[in-house]
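In listed order, ligands and their atoms are each counted from 1.
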Amino acid sequence: MSSSEFPSFLSPRLSPQIDSDNADDASVLKPSPINLDRTLPPTIISPSFTPDTVPSTPVPIPVISTPQPSDGLPDVLPEVECVVRARIPTTSGTEIFLHLYKNNMDDKEHLAIVFGNTIRSKSLDRAREGETEMDRMIRGAYVGRLYPGRQTSREDQKNGEEDTAKDTATLVRIHSECYTGETAWSARCDCGEQLDEAARLMSKENEGIVVYLRQEGRGIGLREKLKAYNLQDLGADTVTANILLRHPADARSYSLATAILLDLDQTEIRLLTNNPDKIAAVEGKHREIKVRERVPMVPIAWRMNSGGIRSKEVEGYLKTKVRTACL
Ligand SMILES: Nc1nc2c(ncn2[C@@H]2O[C@H](COP(=O)(O)OP(=O)(O)OP(=O)(O)O)[C@@H](O)[C@H]2O)c(=O)[nH]1
């Protein structure tokens, strides 16, 4: 199947209403060119970064040597346990398996969105004392598919679940929750678009994992992020706004993602990101996981004629983000 045959994975978003009788209104919605700061290093703003056409499938970049881990990686990974898993048929036609985790670090419900039916959680499959077959099926610890009247969690092993040897590392995206970008149609960032793009690429491979971490607003939470937006409207960039609020520029941590990936039996991955800090952080202090390749996430707005989020706010956000990017 060619990539063009895959359904769009875009979630329903508000589309601008253009009044055809009023050409002036329509011109307001025209995309404006990205005006990258001239002081950025040439390697980041080279023409290869904004080519006329960018392949819809990004070109992976092998990770030869991992960047030095940033300070503060924990010596011991948190403990995680997948407490429930469920099949989700999606609007694009792709089926995903949502894995909900608990952990010994916080009380949040972190998730793994698993594409394909070959990746399994070790903690989910582990037998629980005293549980019945029905208990196992209700918490999602079954193989194959559920159907009315099914009696056992362990049947159906070969029903659509082929144990074929893999020759490529799994495509993984570590995604931090962004209520504004994913739910409130925000054009201040491209988080929702990046989640959709990750889903599109994983649907294409019929395999992949989005680890969805509940660390809203680069870890400062929604309330503080909204204050940061007001500071941005007052002229600060996204990093300065955090600092003015006495928060670190980026308060996220990825050790839960490392632990969740290990629970899903992943030790070698291809990581979808532009953020160099994520590579070292997700590999863990003791290199529990190896990132074989980095797959860039070029914003759709930077691909010629490809649509994507356009607004003066998202341009400011991307401009700040590109300073730390490894595109
Ligand atoms: N504090 C703050 N957080 C923001 C802002 N805009 C988006 N976010 C949050 O940033 C997170 C996404 O991080 P980004 O830095 O955009 O991207 P990334 O995940 O580090 O990098 P990629 O893997 O390349 O996408 C989400 O949790 C968003 O809620 C902002 O202006 N201020």
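- The cationic atom of Arg136 (NZ for Lys, CZ for Arg) does not lie both less than 6.0 Å from the six-membered ring centre of Tyr142 and within 45° of the ring axis.
- Nearest-heavy-atom check against atom 22 (P) of ligand 1 across Asn242, Leu271, Leu231, Thr273 picks out Thr273.
- Heavy atoms of Thr180 found under 4.0 angstrom from ligand 1: none, in either backbone or side chain.
- Contacts of Gln215 with ligand 1, taken as heavy-atom pairs under 4.0 Å, involve the backbone alone.
- Among protein heavy atoms, the minimum distance from atom 10 (O) of ligand 1 is reached at Arg218 CG, 3.1 Å.
- A salt bridge is absent between Lys290 and Glu268; no separation between the charged side-chain nitrogens and carboxylate oxygens falls under 4.0 Å.
- In this structure, Leu146 and Met137 have side chains that are in contact, with non-hydrogen atoms separated by less than 4.5 Å.
- Here Tyr179 has no heavy atoms under 4.0 Å from ligand 1, in either its backbone or its side chain.
- When each of Leu264, Asp263, Val143, Asp265 is checked for a side-chain contact (heavy atoms from CB on, under 4.5 Å) with Arg120, only Val143 meets the rule.
- Of the heavy atoms in His175, none comes closer than 4.0 Å to ligand 1.
- In Ala241, neither the side chain nor the backbone holds a heavy atom less than 4.0 Å from any atom of ligand 1.
- The residue Ile174 has no part lying near ligand 1, judged by heavy-atom distances below 4.0 Å.
- In this comparison of Glu193, Arg252, Gln194, the heavy atom closest to atom 18 (P) of ligand 1 sits on Arg252.
- At least one heavy atom of Gln232 sits closer than 4.0 Å to an atom of ligand 1.
- Inclusion of Ile220 in the set of residues having an N or O under 3.5 Å from an N or O of ligand 1 is not warranted.
- The closest approach between Met297 and ligand 1 stays at or above 4.0 Å for every heavy atom of the residue.
- The shortest separation from a heavy atom of His247 to ligand 1 is not under 4.0 Å, leaving the residue out of contact.
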